[in-house]
Amino acid sequence: MMRKYSFLVWLSLLSALILQANCSSESKEDDPTPSEDPNPIEREVGVWPMSGTSDPDELASTYGPRILSGNYDFHRGFDVRAPTGTPVHAILAGTVVRVEEGVAGTSLERFGKFIVIAHPGVTGAAQRQTVYLHLDSFGVSEGDQVAMGEEIGKSGKSGVGINTEHLHFEYHIGVNDGKQSRLNTRSPMRILPYAKQEYTLTVAKSDQTLTVQITEDDASTDLVAFKFVPKGFSEKVIDFETRTGIDPANEDTNPFGGVTITPGTFVPSSESYELQFELSGAWETLSELSLELKDVQDSTQTFTFNF
């Protein structure tokens, strides 16, 4: 027999948006060791790259799990659909460290025309950078100093296999020289303005499957880590940023470690973003589940479900 519980959680801080297009954005040119987020508490908030202001862009794909062409895909940034030639703006002030076009046949071929901007650290002075892919044209050169919100280029659909007009952008920590590594990516929501909304949590238990569904408002998709603590059983941790609980050899492996992640369909018109976690096991005797959620501001909330 399956028992189900659900409730709403209301908060109020800051928020953002999410996306869906056809962009896979990993470069294999190096693998620098990622550092901690430069300022986990006192965030430096920038602007949205298409609006150039605090007004959120309409996202097409989010950071983390998504469905791409019918398959599970781990996405390392945000996508914003925009007609070719739409101005792209620097999210934060910084120095342009890379202006380049990925060459077909290399690990950067899907990047197309791209720009990397290094940003000064805040508390902790950690290295960090933002990356802007699939551009149609450049508006800056390497070595240029740019202000927050300054136009740096025009959006497009450059890159091998890219057939939709959109901007893919990423936030990296632990590096500021323009080099790319999948392990350095963090949710761009960490540096974007947003107004936090509600989560809806639903938990269901059967003898062999423990299912947790989390729904976030489309303008407030800020969750990055999930700790499942079934009373009397081993805990499970999934962290999209540190990749804890995700296959280190292939982020697109799903299921992994006894957990299946199913992201809901997300398009620019979506009003919510859904993630479903299915934990396999022998749950007949499970009487309590604690669920800890962590957002991009490193705030955590714990919820308890009794069966």
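Reckoned from all heavy atoms, side chains included, excluding hydrogens, waters and symmetry mates.
- In this structure, the side chain of Arg110 does not engage the main chain of Ser107 through any donor-acceptor pair within 3.5 Å.
- Defined by atom type and a distance below 3.5 Å, a donor-acceptor pair is present between the side-chain atoms of Thr95 and Gln145.
- No more than 12 heavy-atom neighbours from other residues, nucleotides or ligands sit within 6.0 angstrom of CD on Glu271.
- The minimum heavy-atom distance between Asp239 and Ala225, with the atom names listed, is OD2-CB, 3.6 Å.
- Contact detail for Leu293 and Phe303: the closest heavy-atom pair is CD1-CE1, 3.6 Å.
- Note that the CZ atom of Phe111 and the OG1 atom of Thr106 stand 9.0 Å from one another [nearest 0.5 Å].
- The backbone N or O of Ser272 sits nowhere less than 3.5 Å from a side-chain atom of Asp217 that would complete a donor-acceptor pair.
- Side-chain contact between Pro49 and His89: absent, with no pair of heavy atoms (C-beta onward) separated by less than 4.5 Å.
- Aromatic ring pairs are classed by plane angle as parallel below 30°, tilted from 30° to 60° and perpendicular above 60°; the pair Tyr63 and Phe74 is perpendicular.
- Contact check for Leu289 versus Thr304: no side-chain heavy atoms found under the 4.5 Å cut-off.
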Start with the C-alpha gap between Lys196 and Asp295, add the side-chain angles, then the distance that decides, and say whether salt bridge (Lys or Arg N to Asp or Glu O under 4.0 Å) holds. CA-CA 10 Å; Lys196 195 173 185 72; Asp295 64 22; 3.1 Å; yes
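- For the residue pair Val97 and Ala118, the shortest heavy atom distance occurs at CG1-CB, 3.8 Å.
- Between Thr262 and Phe277, every side-chain heavy-atom pair lies at or beyond the 4.5 Å cut-off.
- Atom CG of residue Leu92 and atom CD1 of residue Ile191 lie 4.5 Å apart, to the nearest 0.5 angstrom.
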Please list every donor-acceptor pair under 3.5 Å in which a side-chain atom of residues 226-235 meets a protein atom from a residue at least two apart or in another chain.
none

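- Comment: Arg243 engages Glu251 in a salt bridge, judged by a side-chain N to carboxylate O separation of less than 4.0 angstrom.
- Counting heavy atoms from C-beta outward, Ile67 and Thr265 have side chains that stay 4.5 Å or more apart.
- Using modelled atom types, one side-chain atom of Glu142 and one backbone atom of Val99 make a donor-acceptor pair closer than 3.5 Å.
- With a 4.5 Å cut-off on side-chain heavy atoms, Pro193 and Trp48 count as touching.
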Should Phe78 and Phe169 be marked as a ring-ring contact (aromatic ring centres under 6.0 Å, His included) after you check the CA-CA gap, both sets of side-chain angles, and the distance that decides it? CA-CA 6 Å; Phe78 282 174; Phe169 65 98; 5.7 Å; yes
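- Nearest heavy-atom pair across Val224 and Ser187 is CG1-CB, 3.9 Å.
- Asn184 places a side-chain N or O within 3.5 Å of a backbone atom of Ile173 that can act as its donor or acceptor partner.
- Applying the side chain to side chain donor-acceptor pair (under 3.5 Å) test to Thr285 and every residue at least two apart in sequence or in another chain returns nothing.
- Qualifying side chain to side chain donor-acceptor pair (under 3.5 Å) partners for Glu151, counting only residues two or more places apart in sequence or in other chains: Lys154.
- Thr244 and Thr242 share a donor-acceptor pair across their side chains, judged by distance under 3.5 Å alone.
- Side-chain atoms of Glu278 do not come within 3.5 Å of backbone N or O of Gln276 as any donor-acceptor pair.
- Put simply, the side chain of Thr202 does not reach to within 4.5 Å of the side chain of Val212, judged on heavy atoms.
- The closest donor-acceptor contact from the side chain of Glu170 to the backbone of His168 lies at 3.5 Å or more, if one exists at all.
- In this structure, His166 contributes its side chain and Ala82 its backbone to no donor-acceptor pair below 3.5 Å.
- Of the possible polar contacts, none joining the Thr260 side chain to the Asn254 backbone as a donor-acceptor pair under 3.5 Å is found.
- For Arg98 and Asp177, the salt-bridge test fails: no basic side-chain N is under 4.0 Å from an acidic carboxylate O.
- Using a 4.5 Å heavy-atom threshold, the side chains of Val96 and Val116 count as separate.
- Taking CG from Asp252 and CZ from Arg66, the interatomic distance works out to 9.0 Å, rounded to the nearest 0.5 Å.
- Judged by distance alone, the side chain of Ser206 and the main-chain N or O of Thr209 form a donor-acceptor pair under 3.5 Å.
- The nearest pair of heavy atoms linking Phe138 to Lys113 is CZ-CB, 3.4 Å.
- Applying the side-chain hydrogen bond (donor to acceptor under 3.5 Å, both in side chains) test between Arg128 and each of His119, His172, Glu44 identifies Glu44 as the sole match.
- For the atom pair Asn306 CG and Glu288 CD, the distance stands at 5.0 Å (nearest 0.5 Å).
- Listed here is the closest heavy atom pair of Pro65 and Tyr273: O-OH, 2.6 Å.
- Salt-bridge annotation for Asp298 and Arg190: present, with a side-chain N of the basic residue lying under 4.0 Å from a carboxylate O of the acidic one.
- Interatomic distance, Tyr199 OH to Glu216 CD, rounded to the nearest 0.5 Å: 6.0 Å.
- A donor-acceptor pair under 3.5 Å is absent between the side-chain atoms of Thr84 and the main chain of Gly156, judged by distance alone.
- In this structure, Arg81 CZ and Ser155 OG are separated by 13.0 Å, a value rounded to the nearest 0.5 Å.
- Considering only heavy atoms from C-beta on, Thr253 stays 4.5 Å or farther from Tyr72 through its side chain.
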